[in-house]
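This report refers to the structure that appears directly beneath it.
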Number of protein chains: 2
Amino acid sequence: MTPTPPHPDDDHCPASPAEHPLPDGGAVRLTSKDIGRLVGVSQATVSNAINRPHLVAPATLAAIERVMADHGYSVNSSARALKSGIGKALGVVVLDVANPFWGEVVKGIETVTAPGRIPLIIGSSNEDAETESAIFQSFESQGVRGILVAPTPSNLPLLRRFRAKGIQVVLLDSEDPQGEFPSISLDHAAGAELAAAYLRDGGHREVALVNGSPDISWCASRSRGFHAGFAGVADARIHEISRTAMTVEEGRQSVDVLLELLKQHPPITAVFCTNDMLALGVLKGLHERGIAVPGDLSVVGYDDAVFAELLSPGLTTVHQNATAIGRAAALLMTLDAAVPQAPEPLQPPHLVVRGSARSLR
Amino acid sequence: MTPTPPHPDDDHCPASPAEHPLPDGGAVRLTSKDIGRLVGVSQATVSNAINRPHLVAPATLAAIERVMADHGYSVNSSARALKSGIGKALGVVVLDVANPFWGEVVKGIETVTAPGRIPLIIGSSNEDAETESAIFQSFESQGVRGILVAPTPSNLPLLRRFRAKGIQVVLLDSEDPQGEFPSISLDHAAGAELAAAYLRDGGHREVALVNGSPDISWCASRSRGFHAGFAGVADARIHEISRTAMTVEEGRQSVDVLLELLKQHPPITAVFCTNDMLALGVLKGLHERGIAVPGDLSVVGYDDAVFAELLSPGLTTVHQNATAIGRAAALLMTLDAAVPQAPEPLQPPHLVVRGSARSLR
DNA sequence: CTGAAAGCGCTTACAG
DNA sequence: CTGAAAGCGCTTACAG
């Protein structure tokens, strides 16, 4: 039930229903000049009413607002951006929009940009430096005010050039060795080291590391941290498997490699996946092959995605607060006038122990 | 470890070490006129080189392209959009970016927009009609070429007005009773009916339905379909629980209500959640309370999110291909010139039976 | 094949 | 408090 008949109101718009959806001549979009004419004031006054209402006489202001509302007027951002030099949209590059972790990050960004207030232009790089660079160019072209990204090192020069042009750059979930860009930096190495220490203390020596591209700075950091956790353990061996994308499907496919490693002597006893999507894929592949987790193989992930707790077995993984990351990064941007917003402290990563990894002792 | 210092510089203006990232006078952004001057041709020729290269002499074209590349020139989309009337960005409103299902939908859209080619402006409505309408306005303001959305019925008039202004509207994952907008319509009612039939045939009579807002058209459809599946079963009773958001957290909270229903006589024996996030939350809440699934209560979801298969128990859920939905919707848009792209057939929803629901017989 | 000129809708000093 | 005018960077007929 709940038919909710859509209002058949089509007031001042000559849009006959079920007719030419895109009649070149039919597109009626009012301008501020039109609004001015309708109210009987100049375009400048309309502009003032929108941008500096305190400069406009209350009665005039009310009249203008009324007419704007009646006609559904909305300012043309293109014209505004062209005139004022910079738009207000923000560009966000994520590894993969379909990855829940990045979804959470974007959600965190939205808590400060408020959908409808500051537009977010989002693109997935899919771990490809060229795609990332193409997205950057399109952002610049769109006149974004700033860019939030965990960039591929090879694209850093491009970002420097953008900054020189006045585009704010905030490094998201990334490392900035030079400290040249404002960035919220998560300690990926420390997180991965936590996972390594847990496995090491559990007696694992022959382990696999399923990672994304080493070109992604934080993938490299996680690898580094993982190795650090095993440093000094003479008989430890880490088999690194690099995948082109950090998706469930790639994780599943990496199981073939894992199978080989399982046949070696000594066989691997544990796998560390540098994100939970990869871990989910590995778990699926292992499940399909009838390999028991953690009986035959221990699995540890990274991110603590929303589903990690309820997988079977529960995924032991490194937790980091994705929403907080997005939020903190967005707060590093100078959004409106020049209101500097307070940065927020971020929790360090910690390991959430569940059932997918066991001790060998 | 983990210093993670959100840079101590509160004023992100002169943020970086001994530098001015945003010096008002330092912003160097070349225009097509600059490029023309550098090459020794007019601005019009530069514009032609960019937009109609066949009109330009090969040598001139090469020289222009060279200079543009050398200086990292990118066209100012604001100016272009202002001049040519319409931008090329697309606006997408999702229920919640953090919901993996919607992430997949966006990913499907990206397969046709190609990140870096057509910018995607994305906003989460969080099931709120006013937020949705604010997002729409900002899209219009940004001069989007089209909008992809599963709208709240109350915002349909706004969309009609947009269409009259030449903005394409494609209904995503929604129903369009009047058939007034191009839309890819999934049969939500049929999918929910599948779930209901499964529960009904399993002997369930007292069931709960955890749903989102009835204002969301497809939530209403799923409810309708679910009821339809039980139509004619005299002793069946459906307890509908409506949540303000279809998130894991809301699902978890709905367990309190479920608990009450479990105490009644006769108690409920099954719960149908209208998306997998809600189901995940219900599963979590039930797990925390020590209520066995499917022993004490059967749970069925909707979407077949990527994690559904590996939950414990595996989630029985209605499958629909999110990526295909996004892709099909995007193909319904006239993107570039006027190249109408072929729509793609969509699979009807089907039930994936796993372990979270049992038969009472 | 190339260039001069107009104008998209807005904001911004500057007068009044 | 309000308006006339300039100009943001581009594209588009229109001449040449």
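Chain naming here is simple, since letters A, B, ... match the order of the sequence lines and numbering starts at 1 in each.
- In this structure, Y73(B) reaches the dC10(D) phosphate: one of its side-chain N or O atoms is under 4.0 Å from OP1 or OP2.
- In this structure, R52(B) places its CZ atom 9 Å from P of dT11(D), rounding to the nearest Å.
- In this structure, M68(A) places its CE atom 15 Å from C1' of dG9(C), rounding to the nearest Å.
- Heavy atoms of A57(A) sit under 4.0 angstrom from primed sugar atoms or phosphate atoms, though from no base atom.
- A 6.0 Å sphere centred on CZ of R66(B) holds no more than 12 heavy atoms belonging to other residues, nucleotides or ligands.
- A 4.5 Å side-chain heavy-atom check between I184(A) and I325(A) finds at least one atom pair inside the cut-off.
- The shortest distance between the side-chain N/O atoms of S42(A) and the OP1/OP2 oxygens of dT2(D) is not below 4.0 Å.
- To the nearest angstrom, C1' of dC10(D) lies 14 Å from NZ of K88(B).
- Rounded to an integer number of Å, the gap from N48(A) CG to dG3(D) P is 10 Å.
- In summary, E180(B) and R160(B) engage in a salt bridge, as defined by a charged side-chain N under 4.0 Å from a carboxylate O.
- The two residues E110(A) and I122(B) come nearest to each other via the heavy atoms OE2-O, 4.1 Å.
- Across the interface with DNA chain D, nearest-nucleotide mapping of H54(A) and N51(B) shows H54(A) to be the residue nearer the 5′ end.
- Between L55(A) atom CG and dG3(D) atom P the separation is 13 Å, expressed in whole Å.
- Whole-Å rounding puts the R37(A) CZ to dT2(D) P distance at 19 Å.
- Side-chain contact between R163(B) and Q168(B): absent, with no pair of heavy atoms (C-beta onward) separated by less than 4.5 Å.
- For the residue pair S32(A)/Q43(A), the side-chain donor-acceptor check at 3.5 Å is satisfied.
- Looking only at side-chain heavy atoms (C-beta outward), I50(B) and N48(B) stay at 4.5 Å or farther from each other.
- Screening residues 35-52 of chain B for salt bridge (Lys or Arg N to Asp or Glu O under 4.0 Å), with sequence neighbours left out, gives D34(B)-R37(B).
- Rounded to whole angstrom, the span from the CG atom of L30(A) across to the C1' atom of dC10(C) amounts to 15 Å.
- Contact check, S78(A) against dG9(C): no side-chain N or O comes under 4.0 Å of OP1 or OP2.
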Bracket string, DNA chain C, 5' to 3' - pairs by Watson-Crick or G-U geometry under 3.5 Å, | interstrand: |||.||||||||.|||
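- Taking atom CG of residue L61(A) and atom C1' of nucleotide dT2(D), one finds them 13 Å apart after rounding to whole Å.
- The side chain of S47(B) places an N or O atom within less than 4.0 Å of a non-bridging phosphate oxygen (OP1 or OP2) of dT11(D).
- Under the 4.5 Å side-chain criterion, counting only non-hydrogen atoms from C-beta, I121(A) is in contact with I121(B).
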Are there any protein N/O atoms within less than 3.5 Å of an N/O atom in nucleotides 6-8 of chain C, and if so, which ones and at what distance?
| from | atom 1 | to | atom 2 | distance (Å) |
| --- | --- | --- | --- | --- |
| dG7(C) | N2 | K83(B) | NZ | 3.4 |
| dG7(C) | N3 | K83(B) | NZ | 3.4 |
| dC8(C) | O2 | K83(B) | N | 3.4 |

